[in-house]
Chemist: 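This is the structure I want to talk about, given as structure tokens.
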Amino acid sequence: MDYKKIIAQKISQAKDLGLDEVFEMIEVPQKSEMGDFALPCFKLSRTLRKAPNQIADELKETLIDLDGFSKIESVSGYLNFFVDKQSFSKQTLSEIIKNGEQYGASDEGAGKTICLDYSSVNVAKPLHMGHLSTTVIGNSLRKIYSFLGYKCVGINHLGDYGTQFGTLIVAYEKWGNKDTVEKDGIAELTRLYIKYHDEEEKHPELADEARTWFKKIEDKDPQALDLFNWFQEITLKEVNQTYDLLGVKFDYYTGESFYTDKMQPVVDKLTECGLLVEDQGAQVVRLDDYDMPPCIILRKDGASLYATRDMAAALYRKKTFDFHKCLYVTAYQQDLHFRQFFKVLELADYNWSKDLVHVNYGMVSMEDGSMSTRQGRVALLKDVLEKALEKASDIINEKSPELEDKEAVARMVGVGSIVFSALKNNRIKDITFSWDNALNFDGETAPYVQYTHARATSVIEKSGMSLEGEVDYSALENEDATALITALSAFKEIVQSAARRYEPSMITRHVVEIAQKFNKYYFDHRIIDTDSEEKNRARLILAAATKQVIKTGLELIGVESPNKM
RNA sequence: GCGUCUGUAGCUCAGCAGGAUAGAGCAACGGCCUUCUAAGCCGUAGGCCCUGGGUUCGAAUCCCCGCAGACGCGCCA
């Protein structure tokens, strides 16, 4: 039952107003005393040429026996609607129980594909906290869109192109050896990389060697390519351990180098459209009309650039996946770059350029400045996860020493808390990393929500009752239950908004809200009580529905829900 | 200099496309475990919603001038 629609229909009929117009005006009041829905009548006072409170009074009379509502009030220009709690509870809860893990899902995306470009790790560089946002936002959006029926293609657009790989080969040839790299992986590659830059300051001629090696990679020289592929293998082997821990998956690891031979068509197309002009020796597309600096397509030495490669990738993805949308989850640092290359594709008559979306997010820095591997000012993702896991483990040993599967639970809680906190705030917010913050398990955190889930599970188990059978929903006629049920019923819309706005944090926050409301209910009302089986069943259904929505919500942000903790 | 974004409680943040008394968490202080998981719950305290204009019946929310911070602005990605 869609209460808002019912209200809008009745009112638009009564006052001869547009249905959509009225629908838009209906809102949900902040406080439950003010009803479940409200219509502010101030705007209507102009069209209807009457005072707002008079309009509200009149409407109240016409709507007096509206089905599904227990009360309608006219309060100083507002018309407040109170839904009939029993039918609302029954309807919402049975829908959740019936649909189970599909509650909130939809098929709106059937037949449509979404490409998601996220995480995009650099070869030979470790994952640090700066990579967390892109990784978990991308992963969550992928889950959310899949939940809404879209086919999702996750792409890890590896940073595997550039002179830096020439430098790495130089460093490896001069100071590295196979065994150490095999043993220490990325840490050793990083060490070599830093060593190179130290040495280069003293011996600038190293840069020429690096450029030569990079050229060899591009020309597919076997020796260079072997090393290059090996570095990639070492990197992926290691970062995949972290992805596994986070539960993050990709369908493709097609990186920048994959597009090396796919850029000429882009250049041809831009030339054909007359967009490409020479400027200071480089080939650029002018964007003055759009208040942007020119987009450089080819350097004066003829080499391609970031934008060229991204355009080639977009073309390839469109051709290969025929995406409905293609999302790029990268930091807002790159806002201009994306605006530029989206615009260039639009100017080149690719009408699907409107389906490219830059899902940007804020910067992560350390307390003493921005994160830098080279300057050693960095919090490695691996270390942060490990510490969180340790802390979770300690707490389990302290509070639930008898728990089975301690390790699995510690993983869900520890990793979950890191993922959760990365998805708690709006994407755009900058983050200053602090250990205290990262390892906080109190308040609006994964452990808090997971604990609520475990608590609900525990009560259901302890009751030993089946959810099937007669139910007396009058047991849920109190403010705490209603508030909880209202939050549960909003889940569907929240998921859709989160998708529409590319904002997983909406789900994170909603799940916290549900947990808060359940905990409040839990402390003021006994679930398993002595009144009647039918009433116990109603309360157990409430607990089961809460458990389900929390579980689904957490799942959508990539956090697991242990049954016990 | 120009552009984009951000500015709400001591700290971290919600506040959807304008609506009724601005909400959470952390930190602080005070309570609550012989009853379903105290990783919890309740209470207290804490606000010129950056400043100033404008639009509106109504502005934290929309528009403009500032201020502060982050990021970006031609051959890196």
Chemist: Does any nucleotide pair with B:U4 by Watson-Crick or G-U wobble geometry, both distances under 3.5 Å, and what is it?
Modeler: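 Its partner is B:A70 (Watson-Crick or G-U wobble, both distances under 3.5 Å).
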Chemist: With a non-hydrogen cut-off below 4.0 angstrom, is A:Asn563 in contact with a base, only sugar-phosphate, or nothing?
Modeler: base
Chemist: Taking the six-membered ring for Trp, are A:Tyr328 and A:Tyr118 ring centroids under 6.0 Å apart?
Modeler: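 Here the rings of A:Tyr118 and A:Tyr328 have centres that are no less than 6.0 Å from each other.
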Chemist: Side chain of A:Lys429: nearest nucleotide among B:A24, B:A38, B:C13?
Modeler: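 Nucleotide nearest to A:Lys429's side chain: B:C13.
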Chemist: Kindly point out which of B:U37, B:A17, B:G19 is positioned nearest to the side chain of A:Tyr78?
Modeler: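 Nearest to the side chain of A:Tyr78 among the choices is B:G19.
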Chemist: Closer than 4.0 Å, any side-chain N/O of A:Lys31 to the OP1 or OP2 of B:G23?
Modeler: yes
Chemist: Are A:His358 and A:Phe341 close enough that their ring centres sit under 6.0 Å apart?
Modeler: no
Chemist: Could you state the CG-P distance from A:Asn519 to B:U37, rounded to the nearest angstrom?
Modeler: 13 Å
Chemist: Would you classify A:Lys43 as touching base, sugar-phosphate or nothing, given that sugar-phosphate means primed atoms plus P, OP1 and OP2, and contacts are heavy atoms under 4.0 Å?
Modeler: base
Chemist: What's the closest nucleotide to the side chain of A:Phe42 if the choices are B:G25, B:G19, B:A39?
Modeler: B:G19
Chemist: Quick one: is A:Gln333 getting a side-chain N or O under 4.0 Å of the B:G72 phosphate, OP1 or OP2?
Modeler: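 For A:Gln333, the contact criterion (side-chain N or O under 4.0 Å from OP1 or OP2 of B:G72) is met.
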Chemist: Determine whether the aromatic ring centres of A:Tyr502 and A:Tyr361 lie less than 6.0 Å apart.
Modeler: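 No.
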Chemist: So does A:Lys520 get a side-chain nitrogen or oxygen closer than 4.0 Å to the phosphate oxygens (OP1/OP2) of B:C41?
Modeler: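 Checking B:C41 against A:Lys520, no side-chain N or O comes under 4.0 Å of OP1 or OP2.
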Chemist: What nucleic acid atoms does A:Ser458 come within less than 4.0 Å of, heavy atoms only: base, sugar-phosphate, or nothing?
Modeler: base
Chemist: Would you mind telling me which of B:A38, B:C71, B:G74 lies closest to the side-chain atoms of A:Tyr332?
Modeler: B:C71
Chemist: Test of understanding: with salt bridge (charged side-chain N to carboxylate O under 4.0 Å, His left out), list the residues that count as partners of A:Arg309, not counting sequence neighbours.
Modeler: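 Scan of A:Arg309 (salt bridge (charged side-chain N to carboxylate O under 4.0 Å, His left out), adjacent residues dropped) gives none.
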Chemist: Which ones in residues 522-531 of chain A lie close to RNA chain B, meaning a heavy atom under 4.0 Å from one of its atoms?
Modeler: A:Tyr522, A:Phe523, A:His525, A:Arg526, A:Ile527, A:Ile528
Chemist: How about A:Tyr316 and A:Tyr259: are their ring centres within less than 6.0 Å of each other?
Modeler: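 Distance test on ring centres: under 6.0 Å, yes.
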Chemist: Once you measure the plane-to-plane angle for A:Trp435 and A:Phe433, does it fall in the parallel (<30°), tilted (30-60°) or perpendicular (>60°) bin?
Modeler: perpendicular
Chemist: Which nucleotide, B:A39, B:C36, B:A20, lies nearest any side-chain atom of A:Val459?
Modeler: B:C36
